[in-house]
Amino acid sequence: MFDPILRRLVDPPLNAAGRRLAASGLHADTVTLAGFAVGLGGAAAIVFGHGWIALALILLNRLADGLDGALARAGRQTDRGGYLDIVLDFFFYGAVPFAFALAAPQANGLAAAALLLAFYMNGASFLAFAIMAEKRRLSTEAQGRKSLYYLGGLAEGGETIAVFAAMCLFPGWFPALAYGFALLCTISALARVAMVMQMLDD
């Protein structure tokens, strides 16, 4: 929901950094893979109860996610890079609630399952439309220049990172935060489905 506003703030410095990194010969896929490894480190830190370390690594993961796109735009965007970026993003998003479930199965397991279900619904509605958009030759740059059609919603990257940060800082609140964000993600997914059904009405 807030991603378009955030992008106007973060894209200029990210694009400038991307141009400098591209000039140095760094490849966007390298940043994508490194960022994913850092994100998994954040999930591991959650499992072992190191919330501040987890938060730092999660924020570094998100920084890498912004930088790889800026690098690609400064050089040459590829379908392989776009695919790798979105797939590893979804892997990372799933790893965080799973890590909280591993850290405290009795307290967090059901809430983590609810959040993962909501993530699954959100991802399915998002990616299925991207396929239909490609088939119909639809395009948008409302969320920046992407490798696929990016249809926004109530729960996007900015909201997800804010919730993940709160979970890392206040792990005892994980069930309440997870259930609340699962509800927001579910509403976002259902709203996206309703919107797409109208857009694709033949």
Side-chain angles (χ1 to χ4, degrees), residues 1-46 52-99 119 122-135 137-153 155-165 168 188 192:
M1 181 168 58
F2 297 113
D3 279 18
I5 298 170
L6 293 174
R7 293 203 70 87
R8 288 197 290 271
L9 296 174
V10 302
D11 274 359
L14 281 177
N15 288 335
R19 288 190 293 271
R20 288 194 294 271
L21 291 172
S24 75
L26 186 64
H27 197 280
D29 289 355
T30 303
V31 177
T32 302
L33 291 168
F36 178 62
V38 168
L40 289 185
I46 289 168
W52 283 100
I53 295 173
L55 176 59
L57 294 175
I58 286 171
L59 293 177
L60 282 174
N61 167 274
R62 294 296 83 199
L63 176 61
D65 185 59
L67 276 176
D68 64 4
L71 253 171
R73 289 189 294 273
R76 185 173 65 90
Q77 284 185 292
T78 66
D79 290 342
R80 187 182 74 166
Y83 173 79
L84 186 67
D85 180 54
I86 192 69
V87 166
L88 295 187
D89 273 354
F90 276 89
F91 287 3
F92 162 72
Y93 285 137
V96 172
F98 182 63
F119 280 176
N122 227 9
S125 65
F126 171 83
L127 294 174
F129 178 72
I131 295 169
M132 295 298 105
E134 178 67 22
K135 181 179 178 181
R137 302 291 189 266
L138 302 177
S139 63
T140 181
E141 292 191 7
Q143 302 281 349
R145 190 149 50 97
K146 304 282 188 179
S147 296
L148 47 75
Y149 194 111
Y150 196 103
L151 185 63
E156 298 182 290
E159 292 81 10
T160 304
I161 297 312
V163 170
F164 281 179
C168 290
S188 183
R192 186 180 286 124

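Only heavy atoms go into these numbers, but all of them, side chains included; no hydrogens, no water, no symmetry mates. Quick caveat, the model's predicted, so the values are computed rather than measured.
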Where do A43 and A95 come nearest, in terms of heavy atoms and distance?
CB-O, 4.0 Å
Check side chain to side chain contact (heavy atoms under 4.5 Å, CB included) between L55 and all other residues, then give those that pass, not counting sequence neighbours.
W52, L59, A165, C168, L169
Nearest 0.5 Å please: distance from the OG1 atom of T78 over to the CG atom of D85.
10.0 Å
Roughly how far, to the nearest 0.5 Å, is CZ of F126 from CZ of R192?
7.0 Å
Once you round to the nearest 0.5 Å, how far does CG of L60 lie from CG of D65?
12.5 Å
Is L33 close to L88 at the side-chain level, that is, under 4.5 Å between some pair of heavy atoms?
yes
Working to the nearest 0.5 Å, report the span between CG of N122 and CG of L127.
10.0 Å
Any donor-acceptor N/O pair, N61 side chain to G35 backbone, under 3.5 Å:
yes
Does the side chain of I58 come within less than 4.5 Å of I46's, by heavy atoms?
yes
Does F98 CZ have over 12 foreign heavy atoms under 6.0 Å away?
no
Do F119 and F90 make a side-chain contact, defined as non-hydrogen atoms from C-beta onward lying under 4.5 Å apart?
no
Rounded to the nearest 0.5 angstrom, the CZ-CZ distance for F92 and F36 is 9.5 Å
Salt-bridge criterion met for R62 and D89 (N-O under 4.0 Å)
yes
Extract all donor-acceptor atom pairs below 3.5 Å that involve side chains of residues 19-28 and protein atoms in other chains or at least two apart in sequence.
residue : atom : partner : partner atom : Å
S24     : OG   : L21     : O            : 2.6
H27     : ND1  : D29     : N            : 3.0

